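Accompanying notes for the structure given below.
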Amino acid sequence: MPRVHRDRLKKHKLRFQRKIQLLSAVLVNGYAMGFAKGKIFTGPTKAVCVPVLNCYSCPGALGACPIGSLQAVLGGANRRFPFYVLGLLTLFGVALGRLACGLFCPFGLVQDLLHKIPSPKLKVPKRADKPLRLLKYIILIVMVILLPAFAATATGVTPPFFCKYLCPAGTLGGGVPLLLANPSLRALAGALFCWKTLVLALILAACVFIPRAFCRYLCPLGAFYSLFNRFSLYQMTLDRDKCVGCKKCERACPMAVEVTKRINSAECIRCGKCREACPTKAIGSGMDLGRKPADAPEKLP
Amino acid sequence: MKSKTVLAARLGLLALAAAFLAIGLLGREHVEVFQKAVKICLECIGIG
């Protein structure tokens, strides 16, 4: 086969990350009948939280959304500490860090595909980027934890503030398909649905120009997992002897991580694009069982 | 960060996760999650 054709085929071959993302999206939303009937799955697996942001009101969802569950337990009639949900999230975090964001999250896949639309791409200046990244932690603390836990309501049950006012995954995965397939729900849509559709449209538009804009600035689940990136069993590694300092990895990174300085930064979603971009194969990844993390402070030659 | 610190943090967090899971399961919190997840969450889909 001529080299030109071979290169073209190679270019169009699905990357490992994309294959896993597609497989995960199908597995997490495997109840195909739900989309046709406009109903949701009600089987026993709904008691288990999935490790990704995937609305439990998506017609295909086979598991529970961890962020929705956290708010439901905190703001439910019993108002209790969410031991079960936090236990699961901590387990996912310690094992994988933000690998779930880079490889398994269906909304991450949506963002990656949107960023493929040909358009001018924006590089957010550092002075705006840094404070904006703090937003996701504020959303996690205020909308996911404090408001559901402490806001007073007449019924004693507080709404899931993040899901209700901000979550684009709920609108895209749950709201849109359910309203399309279910006329009785469609009749109930009002101002809140307009608001949520506007938020979804803005976030999706931002993702065309800024890679993983939602993961970078708004996702409370990513904020939670980011706390574990440095301790997680899954680690990225950088062989400093092989690194030639070309910074191709940093240009390929959708999260704008300074790969050669802190490869296991809290912002790294372990998507593997840096590893693919590295011309000297200095970057690796895998389960690290007790070795020294690769981003221990060492100076480049 | 020294490897011993990382190892200690991992083990501590794993133990914490296991303890939280056990307490949650004993308190039947998974039932509360299930009950929420099998009904259409009107707030989540933007109905209110």
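Note that this is a predicted model, so its numbers are computed, not measured. Chain letters run A, B, ... following the sequence lines, proteins first, then strands; residues in each count from 1.
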Go through the structure and list residues passing ring-ring contact (aromatic ring centres under 6.0 Å, His included) with B:F34, not counting sequence neighbours.
none
Select all residues of residues 55-64 of chain A having any heavy atom within less than 4.5 Å of some heavy atom of chain B, and report them by number, or 'none'.
A:C55, A:Y56, A:S57, A:A64
Can you run down the disulfide bond (SG atoms under 2.5 Å apart) pairs that involve residues 4-48 of chain B, sequence neighbours left out, and say none if there aren't any?
B:C41-B:C44
May I ask you to test the A:L86-B:L21 pair for a side-chain heavy-atom distance under 4.5 Å?
no
Looking at A:C49, A:C65, A:C163, which one has more heavy-atom pairs under 4.5 Å with chain B than the rest?
A:C163
Of the listed A:G190, A:P82, A:G68, A:G76, the one with the largest count of heavy-atom pairs under 4.5 Å with chain B is A:P82
So, the part of A:K196 with a heavy atom under 4.5 Å from chain B: the answer is side chain
Are there residues of residues 91-100 of chain A that reach to under 4.5 Å of chain B by heavy atoms, and which ones?
A:L91, A:V94
Value for CZ (A:F193) from CD1 (B:I45), rounded to nearest 0.5 Å, stands at 8.0 Å
Do you know which of B:E43, B:E29, B:Q35 has the most heavy-atom pairs with chain A at a distance under 4.5 angstrom?
B:E29
Polar side-chain atom of A:K46 near backbone of B:A37 as donor-acceptor pair, under 3.5 Å
yes
Measure A:V85 against the heavy atoms of chain B and call it side chain, backbone, both or neither at under 4.5 Å.
both
Partner chain B: residue of A:G173, A:C194, A:G175 with the largest heavy-atom pair count (under 4.5 Å)
A:G175
Considering non-hydrogen atoms only, spot the tightest contact between A:V73 and B:V33 and give its length.
CG2-CG2, 4.1 Å
Looking at B:R28, I'd like to know if its CZ atom is crowded, meaning that more than 12 non-hydrogen atoms belonging to other residues, nucleotides or ligands lie closer than 6.0 Å.
no
Tightest non-hydrogen contact, residues A:R230 and B:V6, listed as O-CG1, 4.4 Å
Close side-chain approach of B:E32 and A:R80, heavy atoms under 4.5 Å:
yes
Contacting moiety of A:S232, where chain B heavy atoms sit under 4.5 Å
backbone
Between A:L88 and chain B, which part of the residue has a heavy atom less than 4.5 Å away: side chain, backbone, both or neither?
both
I need the minimum non-hydrogen distance between B:I47 and A:L185, along with the two atoms involved.
CD1-O, 3.5 Å
Give, as side chain, backbone, both or neither, the part of A:F228 having an atom under 4.5 angstrom from any heavy atom of chain B.
side chain
Which portion of B:L11 sits near chain A, non-hydrogen atoms under 4.5 angstrom
neither
Look up atom CZ in B:R10 and atom CZ in A:F231, then write down how far apart they are to the nearest 0.5 Å.
9.5 Å
Top of A:A189, A:C167, A:P160 for chain B proximity - count of heavy-atom pairs under 4.5 angstrom:
A:P160
